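All figures in this text were calculated on a predicted structure; none of them were measured in a lab. As the structure lists them, so they are numbered: ligands from 1, and atoms in each ligand from 1. In this chain, numbering begins with 1 at the start of the sequence shown.
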Amino acid sequence: MKFLVIGSGGREHALVWKLVQSPHVTQLWCAPGNAGIQQERTNKTGKPVECVNIGAEELAKLLAFAQEKKIDLTVVGPDNPLALGMVDLFQKNGLRIWGPNQKAAQFESSKVFSQNFMEKYGMPTARAGTFSVAGPAKAFAASLDGKCAVKADGLALGKGVLICTGVAEANKAIDEILVSKAFGSAGANIVIQEFLEGMEISLHALCDGKTAKLFPTSQDHKRALDGDRGLNTGGMGTYSPTPFLSDGELKKVGDAILKPWLRGCVEEKIDFHGILYPGLMLTKTGPKVLEFNARFGDPETQVYLTRLENDLVELLDASVDGTLGKMELKWSTQASVCVVMASGGYPGNYPKGKPILGLAEVAKLPNTKVFHAGTALKDRQVVTNGGRVLGVTALGKDLKATQSAAYEAVEKICFEGVQFRRDIAAKALR
Ligand code: AMP
């Protein structure tokens, strides 16, 4: 089968890495890809993966490319093409594609939609209200003493959530989004949630329209600096599994979220094929969903796919075809840790084009894989080309040993201005 993967981050490198291991894959393209993806080869035919210079949101060009190459399955990594209706477009043109259609992708592209859905179908979530004018929004925030999360409805490059600790701050956040239009039309409506305290973890479930199969837990580290300080980022590292939910608790939480979610999807005629990724807060009064994403988390993919023992092609096929009920997800009992190496300045401005040294040495280490995110090839040298540059991922017998292995690899890699967190997985080891 011929595959096309859409995207250019660590998530897409991990997807490509796992796909090329499958005997079902004869040839694979990635649009637009990165320097690491370009170095992969299919196990079956030895053909190099080809990166195609088409952006993930250039839907018409991607469609023409998939038609020309007679792609058997297109795999969509990022949220934007899903929200733009890439799946609908491909299906309308008779092409097989993996990911939720535009209506289903609303779980991520509209926080108002998600919040209303959660409340309608009795899913565990924060106390919340949805607003389009500032007055009632401020009154609701005041009823929470201003301790709340003010969220722009639409996609806002991961920046649309403002955490507030008091009334003045909440009023400012509401004005910024609803009055000053800081996020443009993405902020025409907002969700205000009560501020929840607790341990935040990621859940993922693979869905086929009727069935949802829950993954083990993982935990991302969203803030730029150690100790969860600094600015919010797209994720500075992950590990899996987490010790915060036993298998029994995970099953209970999974059921509490996924059963009403599936029922709601049937009632609302939402045909969801792809990954549902709820962000979850483990509060004193039980686990609560903060938000949904409708695709793999970027650093989460890297730890999940290193632990996944199934053939990924078979899982994606089942997710597309609605036959997931017959499949069993198989996970290594080993732990996985991914440390993100980022450009100096990220998530603010950062330079590009810095040569990355040490990759060849790390490639020789056992049970370690460096997934590329923001990289490019320049005169045959791998250089930085984004904020998050690499996801250095190790698999090992337990979390402690794996954390050490990941950092041992990180220490061997350098580029000018590099920054990374030194406490990935530390919460689990306390
Ligand atoms: P979201 O995009 O909705 O997940 O929000 C981004 C980040 O903001 C989350 O990963 C949480 O760390 C934080 N956050 C969102 N909602 C809440 C909430 N209700 N209480 C506390 N923190 C929140």
Between [X] and [Y], a side-chain donor and acceptor under 3.5 Å:
X	Y	value
Asp311	Ser22	yes
Thr384	Ser343	no
Gln193	Gln115	yes
Thr238	Asp220	no

First-shell residues of ligand 1 [heavy atom, distance under 4.0 Å]: Lys111, Ala149, Lys151, Val161, Ile163, Gln193, Glu194, Phe195, Leu196, Glu200, Lys222, Met281, Leu290, Glu291

message: Looking at His13, is its backbone amide N or carbonyl O close enough to the side chain of His372 to form a donor-acceptor pair, meaning the two atoms are under 3.5 Å apart?
response: no

Validation row, ring centre Tyr277 to ring centre Phe296 under 6.0 Å: no

